[in-house]
Amino acid sequence: MTIMTSLPHGYRALVIGASGGIGSAVASVLEADPACGAVLRLSRRADGLDVTREESVAAAAERLDGEFHLIFSATGGLTIDGVGPEKSLRQISADAMMKQFALNALGTALVTKHFAPKLSRKERALMAFLSARVGSIGDNHLGGWISYRASKAALNQIVRTASIELSRSHPQAVLLALHPGTVATTLSEKYSGNHARTEPADSAKAMLSVLDGRDAGQTGHFYAYDGQPIEW
Ligand SMILES: NC(=O)c1ccc[n+]([C@@H]2O[C@H](COP(=O)([O-])OP(=O)(O)OC[C@H]3O[C@@H](n4cnc5c(N)ncnc54)[C@H](OP(=O)(O)O)[C@@H]3O)[C@@H](O)[C@H]2O)c1
């Protein structure tokens, strides 16, 4: 069954963070899409792409030939270098917070800067970043996880701002921040509590369907895997 019905037949896709639980599922779903012409997988593990270092991001983008109709960025972190999310203000560590911002926020900005120019200008093009519902400021009623929440709120603002600029050079492009749900990957293992966890393939299919269904007028928005908009 065709997954990306709104893209030209033979479309080209790029998955950044394809070594992750969600990223590898997104790449596999796209590879199985009969309408897909090519899927390129990029990751830190396989290719040395470190999204927190501009020279690494720029070099990875430069190595790519041709245009893409879909760029899905699935990098990110909740536990970085063994440090997990804070439960209280007392646990804030400058170093840990900077690492959250470097990966989730700066990484998004650098990937957008160097990879968005690779999106097709003449045909419909889609680009997505994995945010998290806990990055919503309006939806924050529990507190905690201040660094991760703040870095994902920054990711949302980066996506929103970039989408406005991109719509001038790429009028058919759609750039979204997506919440994948609570997905069964290493990232969520210790923190999902009693929440049921979605299989990565199901989350991937659901998010791709959300992306497929948005038009250029909906660029720069924040959606959950089930298509519901999430407040900023
Ligand atoms: N799982 C969930 O329940 C959940 C919920 C909400 C949001 N999210 C978001 O979804 C995204 C993916 O999560 P996941 O569950 O798939 O986690 P995961 O399995 O731990 O995958 C994380 C990915 O990020 C990559 N990465 C980490 N640091 C990097 C760096 N400096 N440069 C380049 N790549 C880097 C990893 O690459 P290597 O392995 O190659 O190093 C890996 O591909 C994250 O942004 C996360 O915040 C997940």
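Only a predicted model underlies this, so the values are computations on that prediction, with no experimental measurement involved. Whatever order the structure lists ligands and atoms in, that order sets their numbers, starting from 1.
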Report the member of L130, V57, N104, V183 with the shortest heavy-atom distance to atom 2 (C) of ligand 1. V183

Indicate the ring-plane relationship of H221 and Y223, choosing parallel, tilted or perpendicular according to the 30° and 60° boundaries. tilted

Backbone or side chain, does any N or O of V51 fall under 3.5 Å from an N or O of ligand 1? yes

Within the structure, does A18 bring an N/O atom to less than 3.5 angstrom of an N/O atom in ligand 1? no

Heavy-atom distance to atom 12 (C) of ligand 1: which of A102, G107, G17, A74 wins? A74

Quick one: does ligand 1 sit under 4.0 Å from the side chain of L103, the backbone, both or neither, non-hydrogen atoms only? side chain

Out of R44, R197, H179, whose heavy atom is nearest to atom 27 (C) of ligand 1? R44

Heavy-atom proximity to atom 31 (N) of ligand 1 ranks first, among I16, L49, D50, L78, for D50

Return yes or no for this condition: an N or O of T52 is under 3.5 Å from an N or O of ligand 1. no

Geometry only, no angles: is G20 polar-contacting ligand 1 at N/O separations under 3.5 Å? yes

Determine, using heavy atoms of F129 and all atoms of ligand 1, whether some pair is separated by less than 4.0 Å. no

Less than 3.5 Å between some nitrogen or oxygen of T186 and one of ligand 1, yes or no? no

Taking atom 39 (O) of ligand 1 as the reference point, the nearest protein heavy atom with its distance: R45 NH2, 2.6 Å

For atom 37 (O) of ligand 1, what is the nearest protein heavy atom, given as residue, atom name and distance? S19 OG, 3.2 Å

Region of S131 engaging ligand 1 - heavy atom pairs below 4.0 Å: backbone

Do the charged groups of E67 and K122 touch, with an N to O distance under 4.0 Å? no

Nearest heavy atom to atom 8 (N) of ligand 1 wins, so pick from P180, A25, A204, A132. P180

One should read off an interatomic distance between S73 OG and F115 CZ, to the nearest 0.5 angstrom, of 9.0 Å

Flag G23 as yes when one of its N or O atoms lies below 3.5 Å from any N or O atom of ligand 1, and as no otherwise. no

